[in-house]
4 protein chains.
Amino acid sequence: MPATQDPIREQLVAARRNQILDAAAKVFAEKGFHRATTKEIAQVAGVSEGTIYNYFANKGDLVIGIITRLAKFDQLDSEFAQAFQSDARGLLTAIFRDRTGRIEQNMEMVRAVLPEILISPELRERFYQQFVLPIAEFIEKNVQARVEMGYLEAANVPLTVRAVQGMFVGLLILRVLGDKPLQAGWDDMPEVVMALIFDGLRPRDGE
Amino acid sequence: MPATQDPIREQLVAARRNQILDAAAKVFAEKGFHRATTKEIAQVAGVSEGTIYNYFANKGDLVIGIITRLAKFDQLDSEFAQAFQSDARGLLTAIFRDRTGRIEQNMEMVRAVLPEILISPELRERFYQQFVLPIAEFIEKNVQARVEMGYLEAANVPLTVRAVQGMFVGLLILRVLGDKPLQAGWDDMPEVVMALIFDGLRPRDGE
Amino acid sequence: MPATQDPIREQLVAARRNQILDAAAKVFAEKGFHRATTKEIAQVAGVSEGTIYNYFANKGDLVIGIITRLAKFDQLDSEFAQAFQSDARGLLTAIFRDRTGRIEQNMEMVRAVLPEILISPELRERFYQQFVLPIAEFIEKNVQARVEMGYLEAANVPLTVRAVQGMFVGLLILRVLGDKPLQAGWDDMPEVVMALIFDGLRPRDGE
Amino acid sequence: MPATQDPIREQLVAARRNQILDAAAKVFAEKGFHRATTKEIAQVAGVSEGTIYNYFANKGDLVIGIITRLAKFDQLDSEFAQAFQSDARGLLTAIFRDRTGRIEQNMEMVRAVLPEILISPELRERFYQQFVLPIAEFIEKNVQARVEMGYLEAANVPLTVRAVQGMFVGLLILRVLGDKPLQAGWDDMPEVVMALIFDGLRPRDGE
DNA sequence: AATGAATGAGTCTTCATTCAT
DNA sequence: CATGAATGAAGACTCATTCAT
């Protein structure tokens, strides 16, 4: 891992790192972590195998690099801040669309890397801290505020938020597993999900 | 893969297969599929490596064997039939407790084997058909009936059911990822989940 | 290898040995020695793997057994004795037809077992002593007699006989290698060969 | 299998390939194909096992490589072209000495590799096309020409040529099998063979 | 005498990693 | 910094042989 002060060199280094990570992500997505070979990653990246090891200590660090980089792009951005102002339903719909869209783009890669994440405590923690927890806390804060304002009702906000977040996660998993109804009706899911979350299944008498 | 008509021998074969699958499940759970070696599985099973191959064609078949065996224990049993009669909330709570309890017991193994499932189309299909789809359809039928009776309200039953099922799945994933609130409050989850599903977050005026 | 005095038992033993050798020959012929498994030989023979080892010390002994048994069937029989009386050309034609016919029947097996024969000095010697040398000597004696009678001309009878015998062997090899002209014209070979051997290529003036 | 345009690198690659093929030939010759281990080949070649697989896809390709390389050294060279001008007897003697000399040098290896050749259709075809057929056709053309000029007599030239070629092949086999007269009188074989081929065994009256 | 499940040494092959150029 | 040939440890899988039943 080259270290330098020269800003130009730094940029080159960063570019080369990204070039390698892009290739790694692609190959991991296709083959899964273990079946992906450094040779193929090098080929896809257009560099030699040796070069990879000039930028990453080992194959596992590529996964860390990918996740870390994903996180950088993945800040809860201003869009959300605005959504915060809007109604809860709009907020959640925004999050749902944003998250699932984003994750879908990286779905192949997440799927390929998930094994390593699930097995390695270090990666698990890192993944959780960077991707799961921030969203949970963001939603939590938001929902809590609305509950206090009487706009929403929830006995246990943190757990309720987990249930909602879990629903998003689970729906993605079910899609990956090839569930037909889900794949066919994916565009309708936001409405279905919001109806479920906000209105519940029990009929509302006077409405 | 011995095949025989002799019932005694059949039992021996089944016992040996289970002995090996137990070991495989254990080692997979610890190491993950790829890092688990046949040598270690053999050691844990107390047999030789060769013996494994007398019962399974290859390492991958151990995964299939594990999943298949899980499925056998995992029939939607009479408990559910009764639940069918009960109220919807009771039904779902029963399913939730049953499923998550069951899966938790095999959580380590699911975690270890999930990667292979996600990557291998064959395993994915098999897993989906045996574990996901039956439950989805069971719930779907049930919910549909109640909707028609006016006890529940849902615009799109199949998708709504997926959302519910996805919530279960996702909650397990979040737990595996080490979410603290979830681990701490797991016992309260059924109530939280049911409140969310049936009542929704939006306050009900007259109640 | 069971040893017994009981003649009935002896017959059973011999029968079982042959049963196994037949299977071994078949499988060796298909797969070659190394790729043939004792398991498959046992299956083809309709016995268990263990039984093979009650009759033969190891896999290699099956080859020895096959060769030895071939030799038993392969005595220069009375047919030849008669041929001895006939003219030289007729004799050789008879031998050619007989040998090549016989060998062709076992060609697959010879091909499969040849590797082992060529590599193992013991098998090589055995094969040579039982199959090659007797014929060479038989022809040698015969040709020698005719040379002395002035019917044939050959400066070095033993070597000449080897050349002739070599021709037979070589033609079989070329056939096995798939030579088209040879396969197409195989039925004409005896005449071609005899013309070559007896008349040579050089034109005979006065004829 | 490195591929490159750089001529220096190409030479290195060729050298390394030869180094490995030499070792493989040696070990195959000693042990036969199946009993030869990649480990021993690597040791003899002075490289690691892994390096072998940088140059050859698998063990079988070593055999192909050996055969192919033999074929390269084995072009029908100018020597033959000259022989073509000479008398038929001289031509054949030249071929005989050349071929048998050449093959003898590689005899051990041919012996080791022959099994694989006989069993593998691919290798068989390749071997036949590269070693057997060209010679057969070369001799055929030559003999045909002489027959037409009246210098030789043969009813069926292609088959007669096969008989002659077969004789060469067969004599080598008999030698490998350890035939004593052949080993003792090998130096006299060309004359014996030529006498047989050109004059035949039948006495020529007027000579 | 027959069985066939168990054995485990042995092999080919892969691939992350190193390092001389 | 880049290269990519060399490395060799590691692992899945095979199969001849044994032996308890």
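Per chain, numbering begins at 1; letters A, B, ... match sequence-line order. Because the structure is a prediction, the values reported are computed rather than measured.
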Self-check item: Atom-pair distance (CD1 on D/I41; C1' on E/dT13), nearest Å
Solution: 13 Å

Quiz prompt | Result of checking B/I41, B/D61, B/I64 against B/F56 for side-chain contact (heavy atoms from CB on, under 4.5 Å) | solution = B/D61

Self-check item: With D/E49 via salt bridge (Lys or Arg N to Asp or Glu O under 4.0 Å) - residues at least two apart
Solution: none

Quiz item: Taking the nucleotide of DNA chain F with the closest heavy atom to each, which residue, B/F33 or C/G60, is nearer the 5' end?
Solution: B/F33

Quiz item: Is it true that B/R17 and B/D22 make a salt bridge, defined as a side-chain N closer than 4.0 Å to a carboxylate O?
Solution: no

Quiz item: Is C/E30 salt-bridged to C/R35, going by a charged N under 4.0 Å from an acidic O?
Solution: no

Exercise. Give the dot-bracket string for DNA chain E, reading 5' to 3', where a pair is Watson-Crick or G-U wobble with both distances under 3.5 Å, ( ) marks pairs inside the strand, [ ] marks pairs crossing earlier ones, | marks a partner on another strand, and . marks unpaired.
Key: .||||||||||||||||||||

Quiz item: Whole-Å distance between F/dC15 P and C/I52 CD1?
Solution: 14 Å

Quiz item: Any idea which of E/dG4, F/dC13, E/dT17 is nearest the A/E49 side chain?
Solution: E/dT17

Self-check item: Atom-to-atom span, CG of B/L12 to P of E/dG4 - whole angstrom
Solution: 14 Å

Quiz item: Base, sugar-phosphate, or nothing: which does A/A36 touch, judged by heavy atoms less than 4.0 Å apart?
Solution: sugar-phosphate

Quiz item: What is the nucleic acid contact for C/T37, judged by heavy atoms within less than 4.0 Å: base, sugar-phosphate only, or nothing?
Solution: sugar-phosphate

Quiz item: Is the phosphate of F/dG4, meaning OP1 or OP2, less than 4.0 Å from a side-chain N or O of A/Y53?
Solution: no

